[in-house]
Asker: 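Please find one structure pasted underneath; my questions will follow.
In each ligand, atom 1 is the first atom listed, and ligand 1 is the first ligand listed.
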Amino acid sequence: MEGDRTAIIVEVGPRDGLQNEKAIISTEDKLQLIAMLAEAGLSRIEATAFVSPKWVPQMADHDAVMRGAARGPGLRLSALVPNEKGAVSAIAAGAQELAVFASASESFARHNTNCTIAESIARFEPVLRLAEAHTLPVRGYISCATDCPYEGEIEPSAVRAVAERLLDLGCGEIAVADTLGRARPERVERMLDAVTAAVPADRLACHFHDTSGMALANIDVALGFGIRIFDGAVGGLGGCPYAPGAAGNLDTARLAAHLASRDYGTGVDIDRLASAERFIRRIVPRQPLARDSAEARA
Ligand code: HMG
Ligand code: MG
């Protein structure tokens with residue numbers, strides 16, 4: 001990896017960004033957002049979630065979004081799926097990658113997916129089989145990799161154990177997530193120390209929410225471990241409906257600018273990304289976030 005100054009941004013705004021919005025966002029607006037993000041050079045976009053519409057009504061139009069989303073060479077559209085039903089629908093709609101999501105916390109697994117960690121991973125088995133049959137890559141998320149809204153701090157060994165299970169299952173990439181955006185760099189370092197003992201850095205991604213304004217410092221920690229894949233959401237949209245206290249994802253523009261300042265190219269066109277942000281912020285006005293007040297104090 002020495003000498004390679006490329007980093008990859010996975011744009012999760014259309015899924016993780018919008019899933020928490022109370023207002024109904026039209027399918028047409030979601031498609032426009034995805035098209036603008038693709039034009040901005042984002043090569044991996046998590047377009048929607050094939051989850052239960054009763055659990056996450058905002059993603060109920062997953063089929064129309066995946067079928068209608070912009071396509072192009074060098075662009076990979078992924079879909080979040082919790083089980084076989086979601087995978088079957090996502091593949092039929094043209095998903096080019098699947099993302100399964102486990103948790104390092106039993107309480108969060110229960111709140112988010114109504115099952116234990118082990119049960120959630122068992123549900124991924126048919127997803128992985130389907131993906132293999134369709135030669136689709138699969139990302140495995142680990143939520144609450146540092147903190148859980150119900151259990152507090154999570155032991156790094158618990159994250160590592162889930163990472164090992166997801167690798168064994170056949171996930172090509174493991175995305176560790178600070179779901180609440182609470183972790184300070186020292187804790188991210190402890191967590192990555194444990195996880196990189198089981199997962200090579202080039203198969204790891206980091207998904208930071210920016211509730212406490214620590215996400216960029218945590219990116220630096222991850223870069224130090226050799227990790228080069230990072231999630232961002234346009235305009236810092238986001239949160240998780242089953243994680244009270246989870247505020248926005250790391251803003252893609254801030255992430256791209258930060259990586260550029262560290263001399264990592266991402267291929268993102270900042271001006272076009274700003275257009276995409278203006279577009280979605282007209283529809284989803286910005287709420288004051290904890291990190292805004294942290295920045296204001298700085
Ligand atoms: P359940 O109620 O326990 O499951 O939900 P069920 O099997 O009893 O099914 C209930 C109903 O959902 C049934 O319909 C199923 O057919 C339907 P009914 O018979 O009542 O009409 N159903 C589905 N519909 C569409 N697509 C599917 C699907 N599966 C079942 N795939 C379930 C279990 C896992 C489905 C539910 O808990 C669920 O959908 N949870 C998703 C919650 C979610 O999306 N959370 C946010 C994403 S995770 C996140 O944000 C974290 C992340 O960003 C990383 C981080 O920051 O930490 C990834
Ligand atoms: Mg998230």
Side-chain angles (χ1 to χ4, degrees), residues 10-21 46-66 78-93 95 97-105 107-117 119-124 126-127 130 138-151 154 159 162 166 171 173-183 191 205-211 215 218 230-233 236-252:
V10 178
E11 171 59 53
V12 297
R15 195 280 302 171
D16 203 5
L18 299 184
Q19 70 182 9
N20 207 31
E21 292 300 327
E46 201 167 271
T48 186
F50 286 77
V51 296
S52 162
K54 288 181 190 151
W55 282 66
V56 187
Q58 192 60 259
M59 296 285 115
D61 60 352
H62 40 229
D63 213 55
V65 169
M66 188 53 82
S78 80
L80 194 76
V81 301
N83 53 20
E84 182 173 16
K85 181 179 169 76
V88 167
S89 306
I91 292 169
E97 177 179 2
L98 302 179
V100 293
F101 51 109
S103 164
S105 143
S107 308
F108 186 72
R110 176 65 61 197
H111 280 86
N112 199 37
T113 50
N114 201 23
C115 61
T116 63
I117 297 171
E119 284 164 348
S120 77
I121 291 174
R123 289 175 184 173
F124 302 156
V127 175
L130 278 166
V138 181
R139 156 182 269 211
Y141 279 104
I142 306 175
S143 291
C144 300
T146 54
D147 298 89
C148 166
Y150 311 101
E151 293 182 15
I154 297 296
V159 188
V162 175
L166 292 176
C171 291
E173 179 176 297
I174 307 295
V176 285
D178 175 11
T179 310
L180 296 184
R182 258 188 215 163
M191 182 270 289
C206 284
H207 175 108
F208 293 121
H209 288 246
D210 203 18
T211 319
N218 292 335
F230 304 106
D231 294 4
L237 292 168
C240 176
Y242 296 101
N249 287 80
L250 174 54
D251 183 332
T252 307

Asker: Report the nearest protein non-hydrogen atom to atom 1 (P) of ligand 1: residue, atom name, distance rounded to 0.1 Å.
Answerer: N114 ND2, 3.9 Å

Asker: Measure D178 to ligand 1 on non-hydrogen atoms and call it side chain, backbone, both or neither using the 4.0 Å cut-off.
Answerer: neither

Asker: Everything protein-side that's N, O or S and under 2.8 Å from the Mg ion (ligand 2): list it, residue and atom.
Answerer: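 Result, waters dropped: D16 OD2, H207 NE2, H209 NE2.
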
Asker: Which residue and non-hydrogen atom of the protein lie closest to atom 10 (C) of ligand 1, and at what distance in Å?
Answerer: S52 OG, 4.9 Å

Asker: Which residue supplies the protein heavy atom nearest to atom 2 (O) of ligand 1, what is that atom called, and how far is it?
Answerer: W55 NE1, 3.3 Å

Asker: Can you list the ligand 1 atoms lying under 4.0 Å from a non-hydrogen atom of P82?
Answerer: 31 (N), 34 (C)

Asker: Within a strict 4.5 Å, meaning less than it, do heavy atoms of the V81 and V100 side chains meet?
Answerer: yes

Asker: What's the spacing between I117 CD1 and S105 OG if we round to 0.5 Å?
Answerer: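 So the gap between those two atoms works out to 6.5 Å.
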
Asker: When you measure from atom 40 (N) of ligand 1 to the protein, is at least one non-hydrogen atom found at a distance under 4.0 Å?
Answerer: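 At least one protein heavy atom is under 4.0 Å away.
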
Asker: For ligand 1, is there an atom lying under 4.0 Å from some heavy atom of A145?
Answerer: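 False for this residue.
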
Asker: I want to check a possible cation-pi pair here: R15 against F101, using under 6.0 Å from ring centre and within 45° of the ring axis as the test.
Answerer: no

Asker: N249 versus L237: any side-chain heavy-atom pair under 4.5 Å?
Answerer: no

Asker: What's the shortest distance from atom 47 (C) of ligand 1 to any protein heavy atom, and which residue and atom give it?
Answerer: Q19 OE1, 3.5 Å

Asker: As a test of the contact definition, would atom 7 (O) of ligand 1 count as having a protein heavy-atom neighbour under 4.0 Å?
Answerer: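 Protein heavy atom within 4.0 Å of atom 7 (O) of ligand 1: absent.
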
Asker: Under 4.0 Å from a heavy atom of N112: which atoms of ligand 1 are those, numbered in the order shown and with their elements?
Answerer: 37 (O), 40 (N), 41 (C), 42 (C), 43 (C), 45 (N), 46 (C), 48 (S)

Asker: Mind checking whether L18 and M59 have side chains closer than 4.5 Å, heavy atoms only?
Answerer: yes

Asker: Provide the closest heavy-atom pair for G238 versus N20 in the form atom of the first, atom of the second, distance.
Answerer: O-ND2, 4.4 Å

Asker: Should the proximity of S89 to ligand 1, defined as any heavy atom under 4.0 Å, be assigned to the side chain, the backbone, both, or neither?
Answerer: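 The answer is neither.
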
Asker: For atom 54 (C) of ligand 1, what is the nearest protein heavy atom, given as residue, atom name and distance?
Answerer: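 The closest one turns out to be S143 OG, 3.5 Å.
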
Asker: Just jot down the ligand 1 atoms closer than 4.0 angstrom to any heavy atom of V56, in number order.
Answerer: 42 (C), 43 (C), 44 (O)

Asker: Any idea which atoms of ligand 1 are less than 4.0 Å away from a heavy-atom of H209?
Answerer: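 In order of number, 56 (O).
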
Asker: Heavy-atom distances under 4.0 Å are what count here, so tell me which part of N83 touches ligand 1: side chain, backbone, both or neither.
Answerer: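 Contact part for N83 vs ligand 1: side chain (C-beta onward).
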
Asker: Number the atoms of ligand 1 from 1 as they appear, then name those within less than 4.0 Å of a heavy atom of T113, with their elements.
Answerer: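 What qualifies from ligand 1 is 33 (C), 34 (C), 37 (O).
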
Asker: Please answer whether the main-chain N or O of A215 pairs with a side-chain N or O of D210 as donor and acceptor at a distance below 3.5 Å.
Answerer: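 At least one qualifying donor-acceptor pair exists.
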
Asker: Distance under 4.0 Å to a non-hydrogen atom of A177: what atoms of ligand 1 satisfy this?
Answerer: 54 (C), 55 (C), 56 (O), 57 (O)

Asker: For a quick test of reading the model, state the closest non-hydrogen atom pair linking G232 to T252 and the distance between them.
Answerer: C-OG1, 3.1 Å

Asker: Taking only heavy atoms of D16 into account, list the atoms of ligand 1 that are under 4.0 Å away from them.
Answerer: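 It comes down to these atoms of ligand 1: 50 (O), 53 (O).
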
Asker: To the nearest 0.5 Å, how far apart are CD in E97 and CG in L80?
Answerer: 10.5 Å

Asker: Answer yes or no: is there a side-chain heavy-atom contact under 4.5 Å between M66 and F50?
Answerer: yes

Asker: How close does the nearest protein non-hydrogen atom get to atom 57 (O) of ligand 1, and which residue and atom is it?
Answerer: T179 OG1, 2.5 Å

Asker: Is there a protein heavy atom less than 4.0 Å away from atom 50 (O) of ligand 1?
Answerer: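 Yes, there is a protein heavy atom closer to it than 4.0 Å.
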
Asker: Working note: H111 + Y242, criterion ring pair (Phe, Tyr, Trp, His ring centres under 6.0 Å); need CA distance, chi angles, decisive distance, verdict.
Answerer: CA-CA 6 Å; H111 280 86; Y242 296 101; 8.0 Å; no

Asker: What's the shortest distance from atom 14 (O) of ligand 1 to any protein heavy atom, and which residue and atom give it?
Answerer: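 Atom 14 (O) of ligand 1 sits closest to the protein heavy atom K54 NZ, 4.0 Å.
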
Asker: Would you mind reporting whether L180 and F108 have side-chain heavy atoms less than 4.5 Å apart?
Answerer: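 With C-beta onward as the side chain, the pair stays apart.
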
Asker: Can you name the nearest heavy-atom pair linking S103 to A109, along with the distance?
Answerer: OG-N, 3.8 Å

Asker: Would you check the N or O atoms of H207, main chain and side chain alike, for any that come under 3.5 Å of an N or O of ligand 1?
Answerer: yes

Asker: Among all protein non-hydrogen atoms, which one is nearest to atom 25 (C) of ligand 1, and what is the separation to 0.1 Å?
Answerer: V51 O, 3.3 Å

Asker: Answer yes or no for atom 19 (O) of ligand 1: protein heavy atom present at a distance under 4.0 Å?
Answerer: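 It does not; no protein heavy atom is within 4.0 Å.
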
Asker: Does ligand 1 have a heavy atom under 4.0 Å from the side chain of M59, from its backbone, from both, or from neither?
Answerer: neither

Asker: Hey, does R139 have a side-chain heavy atom less than 4.5 Å from the side chain of V10?
Answerer: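 Yes. Closest side-chain heavy atoms under 4.5 Å.
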
Asker: Would you say I174 and I142 make side-chain contact, with heavy atoms under 4.5 Å?
Answerer: yes

Asker: Check each of K85, R15, E84 against atom 23 (C) of ligand 1 and report the one with the nearest heavy atom.
Answerer: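 Selected option, by shortest heavy-atom distance: K85.
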
Asker: If every non-hydrogen atom of C144 is compared with every non-hydrogen atom of P149, which pair is closest and at what distance?
Answerer: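 Taking every non-hydrogen atom into account, SG-CD, 3.9 Å.
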
Asker: Of all heavy-atom pairs between D178 and A183, which one has the smallest distance, and what is that distance?
Answerer: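 Minimum heavy-atom separation between D178 and A183: OD2-N, 3.0 Å.
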
Asker: Does some side-chain heavy atom of D231 sit less than 4.5 Å from a side-chain heavy atom of E46?
Answerer: no

Asker: Show which atoms of ligand 1 fall inside a sub-4.0 Å distance from at least one heavy-atom site of F50.
Answerer: 26 (N), 27 (C), 31 (N)

Asker: Provide the closest heavy-atom pair for A79 versus A95 in the form atom of the first, atom of the second, distance.
Answerer: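 Taking every non-hydrogen atom into account, CB-CB, 4.0 Å.
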
